[in-house]
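This report refers to the structure that appears directly beneath it.
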Amino acid sequence: MDNYVKILDYAKSSNGYITNKEAENLGVNSTFLSNLVNDKKIERVGNGIYKLPNYPIDDFYILSKSSNRMCFSHATALYLHNMSDRIPLVYDITVPYNYNGNLLNNKNVTLRYVKDDIFPIGMIDIKTINGLTVKCYDLERTICDIIRDKNHMDKEIYSKALKEYAKNKNKDILKLVKYAKKLNVEDQVIELMEVLL
């Protein structure tokens with residue numbers, strides 16, 4: 001199979017996307033990606049990220065590929081969990097304190113910094129609307145985060161999310177309290193859940 005076919009087949013099987021790293025893993029040199037861009041067979045949509053022309057732009061996926069030390073959080077995580085219908089214009093992303101990647105210069109991103117030991121708590125893979133996998137905090141971690149940062153949250157999104165969570169059949173209160181302890185919001189979380197449940 002020639003390298004061009006390898007790239008295009010891989011992109012088709014990955015909902016239209018391929019990265020430099022994925023091409024490398026296929027044993028394909030990045031020159032072949034550049035040639036396909038010149039031939040308009042693929043488009044460069046980010047640093048080392050390419051997509052087939054007839055597939056939609058997925059900003060969640062493109063942002064997620066810009067660093068492996070990032071996770072969608074807060075209002076953006078609520079959107080990915082279908083707990084908010086407001087499409088993010090600015091993406092909430094949590095990173096460790098020592099993060100110094102290229103998201104720092106992105107004006108469409110609000111970075112939230114946490115300690116290294118807190119960063120991975122509740123991190124999961126979730127699918128975007130286009131079926132691409134990105135890192136996002138689970139519902140319980142997201143609820144703790146919005147309670148902790150409620151002064152910086154949109155009030156409508158905040159109260160709707162808490163009500164939705166209270167009604168959610170898949171909520172895990174034990175996990176919520178466990179996370180709340182680690183994130184130092186145990187009292188606020190318990191108080192709010194007593195009101196809502």
Side-chain angles (χ1 to χ4, degrees), residues 14-15 17-25 30 33 44-51 57-81 83-84 86-130 132-154 157-158 161-162 165 172 174-190 192:
S14 303
N15 293 314
Y17 282 77
I18 185 166
T19 64
N20 262 345
K21 195 167 174 40
E22 288 160 346
E24 247 172 59
N25 294 341
S30 63
L33 288 166
R44 186 175 179 275
V45 290
N47 201 2
I49 308 163
Y50 304 84
K51 77 168 194 68
I57 285 273
D58 190 317
D59 290 320
F60 291 98
Y61 184 74
I62 293 165
L63 281 170
S64 80
K65 286 294 177 190
S66 65
S67 171
N68 57 4
R69 287 175 60 71
M70 61 81 77
C71 189
F72 289 112
S73 61
H74 296 77
T76 304
L78 290 172
Y79 176 79
L80 287 166
H81 283 290
M83 300 269 286
S84 165
R86 219 180 281 178
I87 299 166
L89 298 173
V90 175
Y91 297 84
D92 292 305
I93 292 175
T94 295
V95 294
Y97 275 124
N98 59 0
Y99 176 81
N100 64 356
N102 59 10
L103 289 173
L104 291 171
N105 308 320
N106 191 324
K107 60 185 184 304
N108 298 323
V109 166
T110 298
L111 288 182
R112 319 271 183 158
Y113 295 90
V114 293
K115 292 182 185 145
D116 274 2
D117 58 329
I118 287 172
F119 177 63
I121 295 170
M123 196 186 289
I124 59 167
D125 286 336
I126 199 167
K127 297 264 189 223
T128 69
I129 197 166
N130 300 310
L132 294 152
T133 303
V134 297
K135 294 279 178 220
C136 176
Y137 286 125
D138 66 11
L139 264 184
E140 283 68 27
R141 167 69 190 257
T142 301
I143 293 299
C144 287
D145 281 344
I146 69 167
I147 289 171
R148 192 173 58 181
D149 291 337
K150 78 170 188 222
N151 297 336
H152 304 289
M153 290 289 301
D154 176 290
I157 291 176
Y158 175 79
L162 291 178
Y165 181 75
D172 186 336
L174 287 176
K175 193 200 275 183
L176 181 71
V177 173
K178 190 177 100 182
Y179 288 175
K181 271 185 188 153
K182 289 181 180 169
L183 298 165
N184 293 325
V185 286
E186 193 181 1
D187 293 347
Q188 298 100 294
V189 166
I190 289 169
L192 273 165

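Considering only heavy atoms from C-beta on, R148 stays 4.5 Å or farther from M153 through its side chain. Considering only heavy atoms from C-beta on, I124 comes within 4.5 Å of H81 through its side chain. Between K65 and N68, every side-chain heavy-atom pair lies at or beyond the 4.5 Å cut-off. No side-chain heavy atom of L63 sits less than 4.5 Å from a side-chain heavy atom of N108. Looking only at side-chain heavy atoms (C-beta outward), T94 and I118 stay at 4.5 Å or farther from each other. Using a 4.5 Å heavy-atom threshold, the side chains of K175 and D138 count as touching. H74 has its side chain out of reach of T142: every pair of non-hydrogen atoms, C-beta onward, lies at least 4.5 Å apart. Residues Y91 and D59 are in side-chain contact: their nearest non-hydrogen atoms beyond the backbone lie under 4.5 Å apart.
Within the model, atoms CD of E24 and OG1 of T19 stand 8.5 Å from one another, a figure rounded to the nearest 0.5 Å. In this structure, CG on L139 lies 11.0 Å from CG on L80, to the nearest 0.5 angstrom. Rounded to the nearest 0.5 angstrom, L176 CG and K181 NZ are separated by 11.5 Å. Expressed to the nearest 0.5 Å, how far CD of Q188 lies from CD1 of I190 amounts to 10.0 Å. The line from CG of N15 to CD1 of I18 is 13.0 Å long, rounded to the nearest 0.5 Å.
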Let me see the working for D116 and N98 under side-chain contact (heavy atoms from CB on, under 4.5 Å), right down to the final yes or no. CA-CA 8 Å; D116 274 2; N98 59 0; 4.0 Å; yes

Go through the steps to decide whether I93 and R112 satisfy the test side-chain contact (heavy atoms from CB on, under 4.5 Å), and finish with yes or no. CA-CA 6 Å; I93 292 175; R112 319 271 183 158; over 6 Å; no

Using side-chain contact (heavy atoms from CB on, under 4.5 Å), reason through K182 and C144 one step at a time and then give a plain yes or no. CA-CA 10 Å; K182 289 181 180 169; C144 287; over 6 Å; no

Could you walk me through whether I126 and T133 pass the side-chain contact (heavy atoms from CB on, under 4.5 Å) check? CA-CA 5 Å; I126 199 167; T133 303; over 6 Å; no

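Closest non-hydrogen pair, I62 versus I49, comes out as O-CD1, 3.5 Å. In plain terms, the two heavy atoms of R69 and P96 that are nearest each other are NH2-CG, 3.0 Å. Across all non-hydrogen atoms, the minimal contact from Y137 to C71 is N-SG, 3.5 Å. Closest non-hydrogen pair, A161 versus M83, comes out as O-CE, 3.4 Å. Between M70 and S67, the shortest heavy-atom distance links the atoms CG-O, 3.3 Å. A pairwise comparison of heavy atoms in Y61 and L132 identifies CD1-CB, 3.6 Å as the closest pair.
Across I143, L192, I146, a single residue satisfies side-chain contact (heavy atoms from CB on, under 4.5 Å) together with Y165, and that is I143.
At least one donor-acceptor pair closer than 3.5 Å links the side chain of R141 to the backbone N or O of I121. Side-chain atoms of D92 come within 3.5 Å of backbone atoms of A75 as a donor-acceptor pair (strictly under, hydrogens ignored). Listed for the S30 side chain is no donor-acceptor partner under 3.5 Å among the backbone atoms of L33. Between the side chain of D154 and the backbone N or O of I157, at least one donor-acceptor pair lies under 3.5 Å. The backbone N or O of D145 lies less than 3.5 Å from no partner atom in the side chain of Y179, so there is not a single donor-acceptor pair.
Side-chain atoms of K135 and S64 form no donor-acceptor pair, as typed in the model, at a separation below 3.5 Å. There is a side-chain donor-acceptor pair under 3.5 Å between D58 and N130.
Here F72 and F60 bring their ring centres to under 6.0 angstrom of each other. The distance between the ring centers of Y17 and Y50 does not fall below 6.0 angstrom.
Under the side-chain hydrogen bond (donor to acceptor under 3.5 Å, both in side chains) criterion, K21 pairs with no residue at all, not counting sequence neighbours.
Residue I57 qualifies as enclosed at atom CD1: its count of foreign heavy atoms under 6.0 Å is above 12.
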